[in-house]
Amino acid sequence: MIDVMKMVKARTYMKRNEPFLYSWHAYVGYELDLFKSFERPMTQFDVADALDLDEQLLAQWVAIGVSIGYLKEVSRNRYQIKNRWKLPKSKGNNSSGVLLKEMMELHLPTLLQYPEMMRNRSRLHFDEDEHAGTVAETSRLLEVLAYPKMAKRLKEKNCRRVLDIGCGEGGYIKKMGLRFPSTQFTGIEISEEVVERAKQLTAAQDNVLIEQADLWNYKPEALQDMVMVNNVLHYIPLEKRQALFNELSSWIEEGGVLSIVTPIAGGPDSPPFANVFNSFFSSFDNLYRLPKREELIEWGEEAGLELLSLQTVIKEGGWYIVQYEKKS
């Protein structure tokens with residue numbers, strides 16, 4: 001009886017982990033651009049030869065793709081993609097594949113080290129340079145989803161001066177600068193390399209200024225109509241977040257807006273990935289836990305900011321855009 005129960009449990013674990021196969025298959029297809037190769041009927045040999053890949057491993061990937069419904073056999077050992085809408089687009093097209101890439105290359109390897117970290121009461125150290133490319137790709141996808149909400153608020157408030165803290169390569173303010181040519185946009189970024197890249201990308205825009213600066217040593221020359229803080233809070237220690245809100249509030253005109261894009265710590269009723277994100281950030285000694293919904297409201301109120309909206313960007317990952325108005 002005990003052996004039967006062990007087998008039932010083993011089968012249950014295998015069944016519950018089947019969804020991982022879909023993610024793994026989509027990740028490999030995205031990373032090697034295999035779905036594009038199989039847009040029309042192709043043999044495994046032809047694809048392996050064209051992309052210089054191991055044919056045997058490609059054959060295994062194809063076999064799994066057929067079994068989960070991502071690929072279909074057409075004729076004469078030729079295969080083609082199936083259910084295209086379920087698959088990530090090719091790289092460089094704001095593809096959802098960037099989220100898969102981040103999950104498979106960054107989140108899962110980190111979470112698999114939980115037993116060792118718990119036993120040793122230790123933390124990892126987040127290497128920004130190593131993961132900069134993947135994180136930047138994910139940020140660009142978030143930009144596509146969060147930008148309309150920012151632009152709507154900017155237009156509604158008729159903002160003339162906008163400051164983007166931790167602007168990265170300037171994605172938000174480059175796009176906004178083109179749409180709102182009469183608004184002056186300033187972006188600050190601590191990385192010299194990233195600043196140079198942002199300057200190159202916005203060089204043709206007279207209403208966009210990029211500066212290298214540390215947030216804690218920076219002060220804008222004039223009050224701003226909007227201050228944006230995107231994907232930054234998890235770099236700020238918990239004990240410094242109220243001070244950050246207070247400082248940012250002092251940079252904003254009365255009636256102006258503070259706009260924050262951040263994942264929010266999940267609760268019992270939150271999607272599982274909202275809690276996974278918090279587990280991920282808590283794994284590093286130089287990253288910090290995600291804010292709770294009530295903390296974001298409290299920090300704003302203490303800084304003289306009234307909550308305007310708290311809107312979903314990516315529900316499954318717990319990503320939100322939170323916007324406040326400076327009280328008069």
Side-chain angles (χ1 to χ4, degrees), residues 102 106-107 110-111 113-114 116-118 120-128 131-132 135 138-139 142 146 163-168 188-191 213-219 227-252 257-327:
E102 185 173 286
L106 187 52
H107 295 170
T110 297
L111 295 175
Q113 296 190 60
Y114 248 60
E116 182 178 354
M117 289 190 290
M118 293 173 74
N120 297 333
R121 293 182 172 84
S122 62
R123 294 292 186 273
L124 307 174
H125 190 80
F126 185 71
D127 188 334
E128 292 187 54
H131 303 295
V135 172
T138 307
S139 296
L142 284 169
L163 173 64
D164 186 1
I165 296 172
C167 67
I188 66 168
E189 170 62 44
I190 195 168
S191 167
D214 184 333
L215 163 63
W216 299 107
N217 298 320
Y218 180 79
K219 196 85 170 179
V227 172
M228 303 190 301
V229 185
N230 304 317
N231 311 327
V232 169
L233 280 187
H234 48 266
Y235 292 103
I236 308 297
L238 185 63
E239 64 273 14
K240 287 188 175 183
R241 290 180 185 172
Q242 183 64 71
L244 173 65
F245 272 69
N246 294 345
E247 182 67 15
L248 298 180
S249 180
S250 72
W251 298 354
I252 301 171
V257 174
L258 172 63
S259 180
I260 296 177
V261 173
T262 182
I264 294 179
D269 300 326
S270 302
F273 267 104
N275 289 299
V276 168
F277 266 125
N278 216 14
S279 301
F280 169 76
F281 288 118
S282 299
S283 301
F284 298 93
D285 59 13
N286 56 337
L287 298 179
Y288 306 93
R289 78 157 174 83
L290 301 177
K292 300 175 182 177
R293 188 181 300 249
E294 56 269 26
E295 288 174 331
L296 288 165
I297 297 172
E298 178 185 330
W299 295 332
E301 288 179 348
E302 185 68 25
L305 300 166
E306 181 179 353
L307 183 68
L308 289 174
S309 62
L310 196 155
Q311 299 174 282
T312 303
V313 178
I314 300 179
K315 180 180 180 181
E316 289 73 17
W319 286 91
Y320 291 84
I321 179 169
V322 190
Q323 295 182 320
Y324 310 80
E325 182 176 71
K326 176 71 173 289
K327 297 177 183 177

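Owing to the predicted nature of the structure, the values given are computational and were not obtained by experimental measurement. If you read the sequence from its start, that first residue is 1, and numbering goes on from there.
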*Among all residues two or more places apart in sequence or in another chain, which pass the side-chain hydrogen bond (donor to acceptor under 3.5 Å, both in side chains) test with Glu325?*
Lys157
_Verdict with supporting geometry, Ser283 and Met117, side chain to side chain contact (heavy atoms under 4.5 Å, CB included)_ = CA-CA 8 Å; Ser283 301; Met117 289 190 290; 3.7 Å; yes
*Listed partners of Val232 passing side-chain contact (heavy atoms from CB on, under 4.5 Å), at least two apart*: Val229, Ile236
*From Leu290 CG over to Asn278 CG, what is the distance, rounded to the nearest 0.5 angstrom?*
4.0 Å
_Closest heavy-atom pair and its distance - Val261, Ala146_ = CG2-CB, 4.1 Å
*What pair of heavy atoms forms the shortest contact from Leu111 to Phe280, and how long is it?*
CD2-N, 4.2 Å
*With sequence neighbours left out, what residues match Trp299 under side-chain hydrogen bond (donor to acceptor under 3.5 Å, both in side chains)?*
none
*Quick one: CG on Asn230 to CD1 on Ile260, what's the gap to the nearest 0.5 Å?*
9.0 Å
*Given the rule in the side chain to side chain contact (heavy atoms under 4.5 Å, CB included) test, do Val257 and Tyr324 qualify, once you have shown the distances and angles that lead to the verdict?*
CA-CA 5 Å; Val257 174; Tyr324 310 80; over 6 Å; no
_Could you measure the distance from the NZ atom of Lys292 to the CD1 atom of Ile297? Nearest 0.5 Å is fine._
13.0 Å
*Between CG of Asp164 and OG of Ser259, what distance do you get to the nearest 0.5 Å?*
9.5 Å
_Polar side-chain atom of Asp285 near backbone of Arg123 as donor-acceptor pair, under 3.5 Å_ = no
*Could you pull out all residues at least two apart from Tyr218 that satisfy side-chain contact (heavy atoms from CB on, under 4.5 Å)?*
Leu163, Thr186, Ile188, Glu211, Ala213, Pro220, Trp251
*Looking at residues at least two apart in the chain, or sitting in another chain, which of them share a side-chain contact (heavy atoms from CB on, under 4.5 Å) with Asn120?*
Glu116, Ser122
*Who passes side-chain hydrogen bond (donor to acceptor under 3.5 Å, both in side chains) against Ser309, sequence neighbours left out?*
Arg153
*What residues form a side-chain contact (heavy atoms from CB on, under 4.5 Å) with Ala303, not counting sequence neighbours?*
Gln242, Phe245, Asn246, Ser249, Leu305
*asked:* Any heavy-atom pair between the side chains of Val276 and Phe281 that's under 4.5 Å?
replied: no
*What's the verdict on side chain to side chain contact (heavy atoms under 4.5 Å, CB included) for Leu124 and Thr110, showing C-alpha distance, side-chain angles and the deciding distance?*
CA-CA 8 Å; Leu124 307 174; Thr110 297; 3.9 Å; yes
*Taking the six-membered ring for Trp, are the ring centroids of Tyr288 and Phe284 within less than 6.0 Å of each other?*
no
*Nearest 0.5 Å, what's the CG-CE distance between Leu248 and Met228?*
12.5 Å
*What are the two closest non-hydrogen atoms of Lys326 and Ile252, and how far apart are they?*
NZ-O, 3.1 Å
_Could you work out, with salt bridge (Lys or Arg N to Asp or Glu O under 4.0 Å) as the rule, every residue matching Arg289, not counting sequence neighbours?_
Glu295
_Separation between CD1 of Ile314 and CD1 of Ile321, rounded to the nearest 0.5 Å_ = 12.5 Å
*Under the salt bridge (Lys or Arg N to Asp or Glu O under 4.0 Å) test, which residues partner Glu247, sequence neighbours left out?*
Lys219
*asked:* Please list all pairs meeting salt bridge (charged side-chain N to carboxylate O under 4.0 Å, His left out) that have one or both residues in residues 229-243, counting only residues at least two apart or in different chains.
replied: none
*Full working for side chain to side chain contact (heavy atoms under 4.5 Å, CB included) between Tyr320 and Thr262*: CA-CA 6 Å; Tyr320 291 84; Thr262 182; 5.6 Å; no
*Side-chain contact test, heavy atoms from C-beta onward, threshold under 4.5 Å: evaluate it for Leu215 versus Ile190 and give yes or no.*
no
*side-chain hydrogen bond (donor to acceptor under 3.5 Å, both in side chains) with His234: which residues, sequence neighbours excluded?*
none
*Please collect all salt bridge (charged side-chain N to carboxylate O under 4.0 Å, His left out) contacts where either partner lies in residues 301-310, sequence neighbours excluded, each pair once.*
none
